[in-house]
Every structure is written in C-alpha cells, then in structure tokens.
Amino acid sequence: MAIRFDYSNVMAENIGAEHGLSSANFEQLIPAGTEILKALRQKAENGSLGFYQLPNDTAGLADILNYAGVVKSRFENYVHIGIGGSALGPIALQTSLQDSYYNLSHKPKMFFPDNIDPDWLNDLLKQIDVSKTLFHVVSKSGSTAETAATMLYFMEFLKKKLGERFFQNLLFTTDPVKGLLNQIAREYPIQCFRIPSGVGGRFSVLSPVGLLSAAVAGIDIEGLLKGAREMAGICDHDDLMQNPAFLFAAIHTLYMQKGKNISVMMPYSNKLRDWADWYRQMWAESLGKKFDIDKNIIHVGQTPVKALGTTDQHSQVQLYVEGPNDKVISFLEVERFEQNGLLDNHFEYIDEFNYLKGKTLAELINAEKSATELALTNNQRPNLTFRFDRVDPYNVGAFTFLLQAATAFAGGLLKINAFDQPGVEEGKIATYALMGRKGYESKAEEIRNQLQKKTLFQI
Ligand code: PA5
C-alpha cells in the first residue's frame, strides 16, 4: 500500500499524558473493535453494508466505460446534477485526479453545480449549449429538492432547444427501483445507472455516482477500485492495532471522550483539498447523532473542519497551535509531486532568497507541513498524517475506502447508526412543506406557527 499512516503524534510519549493517548487506551477498545469488525464482515457479506462490496463490482465497469465513451463522442459539456453524497465524491475525484485547468483544454468540459444559487446556475447556462450537454442527474432518493429543481431549471432550456428529444441529453443515476427519477425513466428511454440499495449517499463515491464522471474525464476507474479493494483487505485486519480504519476511529472516539470535538483535515496538496470537503460530510452526517442504538439521547459527534496547507498556515494555524486544545488534526501529505523543477534565485543581489535556490516547491510545501506538525506537537496538540507516496487513482481509491471503513468503525465505537441522517431528512421535509409540496400541509402549518414566534431585529 502506498499510503502510510503516522499517528505517533497522538501518543502520550510525544505530546504528554494530559493530551496524549496511551497503549492502554487503545487496548480498552479492542474487545468492542473486534465485535464491530465481526458485525461489519457479516453486513458486508449479506449486502446490507453496500459500500464494502463496491470495490469488487468490476462487472459494472464495462458499462460505465462504454457509456463514458459515448458521452465523450457526443457531448461538449457534462453537467453533474446532485448534492451532498451525490456530488462531493465526484467533485473530489475530478479535482484530485485531473488537471486543475481541465476545462480549458478538454472536452467534454466538466461542471458540478451542487447548489441552487440561481445566479450561479445562470452563469453556467451562459457557458454551455444545452443541446450539446449531457445532464447527469444523480440522486439516491430521486426526490431531493435541490437536485430536482436544478434538473427542472435546465430542462426548460433543453426542451426549448430539443423539444420532445430532450431525454437524449439526460442520464440518471439513482436507486434500482424507487423514486421519481425512475418514474420519469419509465416514460422516456433515459439511460439509468444504479446505486445499489445498501449503499447510502455519502458512501457511494465508488459506485456510478462517482465512477461515471471520472470515466468521462478519463480517470482510471479500474485503478480506483483496485486501490479500494486492497485497502478493504487491510481494513479487515484482525490485529486491530494494524488496522488503520479501527485506529483512526479509535483515536477520534478517544479524543471525543477527552472533549476534543473538532476534527480538522488539512491536506498539504490542492489536489487533495476536496477530499477534506468529502470527509466533512462523511464525518459530520455519519457521527453527529442525537440517539444511540438503544435510543438513549447522547448528542454525540465531532465537528469536521477543512483546512489547506500551506494557505491556511496564514489563517488557521495560529488558532490550532495556541487556541483551545480541542482539536485532532489529520494532515494529508504527498511525497512525490509530478512537478519537481528546481527554483533559482533570479535576484542574486538578494541573499535572503538563496535558501530557496536549488530547492523544489515540493520540498518547501512538505517542509512547511513538518514545521506545522512540529509546532502542534510541541504545544501538545494531537495530530496525525496520511502520507500518500503520490496522488493517483490507486491511492485515492484506497484512501476513500479507508475513511468510509473508519466511519463505520467510529459509528460502532460510539454505538450509533452511522448510516442514517434523520437531521438531514428533517430539513428536507421542512423544505417540501415551505415550498407547498402536496402531502406536507400539516408540517407547513406547524412551521407557519413557529415562524410567528420569531422576533425581527431591525438594524
Ligand atoms: O449521505 C446522504 O445520504 C446525503 O448526504 C445525500 O447524499 C444527499 O442528501 C442527497 O440525497 P440524494 O442522493 O437522495 O438526492
């Protein structure tokens, strides 16, 4: 495996007993961890933990690659319509594994409008000819308001251009049977890819949700699945102290008990930046829960924060080093960048630049990561590092699987259901009510009464 996991800076030896963890802390969690691993294996086998199976689903790859070939030959633009788990993984795949300015020199151009800001969507509309654009609508439930509204927004223009042939520019990825997208696909011959029923939104990046757009952009999706498969084997390790998914989960749950309720993910790599965004959803939605599995009220969770090295050294790191010691910081570090040219001092009369002469930007970014790590460690701030030997499909696939498995372990250790999102559903229902959707009348009435109690302070 080409990702190394260094958690020495959470150990008491390095950051002291008050904020550090001991081997005994981990040992206490081993019996629970062993039970969780057993349960995860069972669920993976009976299909109820769908994301565990996705790396093995190589049979579906041929269809995805074939369809991606059609998209490349037929369309100038690809627009991915989805939100949350239906967008964050696909976006992170693009930004980590494709040229950062891909759209300036490639077709189809790739767009991921994952918000309903009308002006933002209108700006996109101005850039594309809808008749030469594939709209890939991704929604597990098929009913999320933002996704439906974005689809309907573009439909207006698509219908104007193509009339009844509009469906030729639509692709759906959704549940195998349920939901409104399936209802549409029964009326029109729209190609559909499926999200297996046991795979939840935020765990779906290695299904057609993420693989289709990746394949359209020429990303090696076989490599992604291979990395995930090999990581699945490592996360199945019986010796839990050799199992990175358990270790990441154990570290974070132990720190939650110590009142460190913030988990920062800080890639020192722009390519990996959006994985921190994806992690934010994974960790927040999976672990932020009111009830445990026995229905006791526990209000558990850890607030995930994304930061970017080195940029946020000039914004956040002062707080991380000297502010409240309430965070666990996970660095993502890259050993080998593609670009390794040497810097020169083009202003020889300025001696102060000479320390950069003969060095690479990669050396500088990694030295800065080490410097931040050192400052945190010297100030007893727990931190750990995932070190990628390089950013490639294999490592990215492995990393996504590791964090999904870690989330499942953390859910087990916290004794919660990591796979539901009742808080999100509550918001979805309130939105339907506020927008007058049929069947939500009593909820609308309840909200109207609630709104009457609001006090408006005029400034
Ligand atoms: O993880 C989840 O289940 C959610 O974040 C969903 O991905 C998000 O709400 C979008 O839902 P859907 O894919 O059903 O449109």
Side-chain angles (χ1 to χ4, degrees), residues 48-52 54 79-93 112-116 121 135-155 170-185 190 192-213 274-290 301-304 306 400-401 403-408 410-411 416-435 437:
S48 58
L49 195 60
F51 83 87
Y52 261 86
L54 292 176
V79 174
H80 187 104
I81 301 176
I83 199 164
S86 293
L88 293 165
I91 292 170
L93 285 175
F112 296 82
D114 67 338
N115 199 2
I116 42 168
L121 291 178
F135 294 92
H136 183 193
V137 186
V138 182
S139 176
K140 175 80 196 284
S141 62
S143 57
T144 303
E146 294 90 336
T147 305
T150 307
M151 174 177 73
L152 295 177
Y153 173 77
F154 285 117
M155 274 295 298
L170 289 178
L171 166 68
F172 292 166
T173 292
T174 190
D175 185 88
V177 208
K178 289 184 284 188
L180 304 178
L181 294 180
N182 279 314
Q183 222 169 302
I184 301 172
I190 295 169
C192 290
F193 283 93
R194 303 299 177 185
I195 309 169
S197 45
V199 177
R202 58 193 171 277
F203 293 88
S204 66
V205 59
L206 297 176
S207 77
V209 169
L211 296 182
L212 197 282
S213 54
D274 289 332
W275 287 111
D277 216 7
W278 172 84
Y279 167 71
R280 228 161 46 105
Q281 184 209 12
M282 177 66 69
W283 209 241
E285 245 176 53
S286 305
L287 306 183
K289 297 287 153 72
K290 180 172 178 181
Q302 202 176 32
T303 305
K306 64 171 174 171
T400 61
F401 192 91
L403 284 189
Q404 292 176 75
T407 305
I416 54 158
N417 181 353
F419 303 101
D420 64 0
Q421 53 286 321
V424 179
E425 305 305 337
E426 199 177 320
K428 285 187 177 183
I429 287 167
T431 303
Y432 297 147
L434 283 167
M435 295 297 286
R437 184 172 170 178

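Numbering of ligands and ligand atoms starts at 1, following listing order. Quick note: numbers below take in every heavy atom, side chains included, and nothing from hydrogens, waters or symmetry partners. Just so it is clear, the model here is predicted, and its values are computed rather than measured.
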Closest heavy-atom pair and its distance - [X], [Y]:
X      : Y      : answer
Ser143 : Ser139 : N-OG, 3.7 Å
Ala185 : Ile190 : CB-O, 4.4 Å
Phe112 : Pro90  : CE2-CB, 3.9 Å

What's the shortest distance from [atom] to any protein heavy atom, and which residue and atom give it?
atom                    : answer
atom 8 (C) of ligand 1  : Ile83 O, 3.7 Å
atom 12 (P) of ligand 1 : Thr144 OG1, 3.3 Å
atom 9 (O) of ligand 1  : Lys428 NZ, 3.1 Å

Report task. State whether Asp420 and Lys289 are salt-bridged, where the test is any N-O pair (Lys NZ or Arg NE/NH1/NH2 against Asp/Glu carboxylate O) under 4.0 Å. Result -> yes
Report task. Please indicate whether any nitrogen or oxygen in Thr147 is less than 3.5 Å from any nitrogen or oxygen in ligand 1. Result -> no
Query raised in the report: Any N/O of Val138 closer than 3.5 Å to an N/O of ligand 1?
Result: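 N/O-N/O distance below 3.5 Å does not exist for this pair.
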Query raised in the report: Does Glu146 come within less than 4.0 angstrom of ligand 1, counting non-hydrogen atoms of the residue?
Result: no
Going by the atom numbers of ligand 1, which of them fall below 4.0 Å from some non-hydrogen atom of [X]?
X      : result
Lys140 : 12 (P), 13 (O), 14 (O)
Glu285 : 1 (O), 2 (C), 4 (C), 5 (O)
Gln281 : 1 (O), 4 (C), 5 (O)
Ser86  : 7 (O), 13 (O)
Gly85  : 5 (O), 6 (C), 7 (O)
Arg202 : 1 (O), 2 (C), 3 (O)

Indicate whether any N or O donor in one side chain lies under 3.5 Å from an N or O acceptor in the other, for [X] and [Y].
X      : Y      : value
Thr144 : Lys428 : yes
Gln404 : Arg202 : no
Thr173 : Arg194 : no

Query raised in the report: When the ring planes of Tyr52 and Phe401 are compared, do they come out parallel, tilted or perpendicular, using 30° and 60° as the limits?
Result: perpendicular
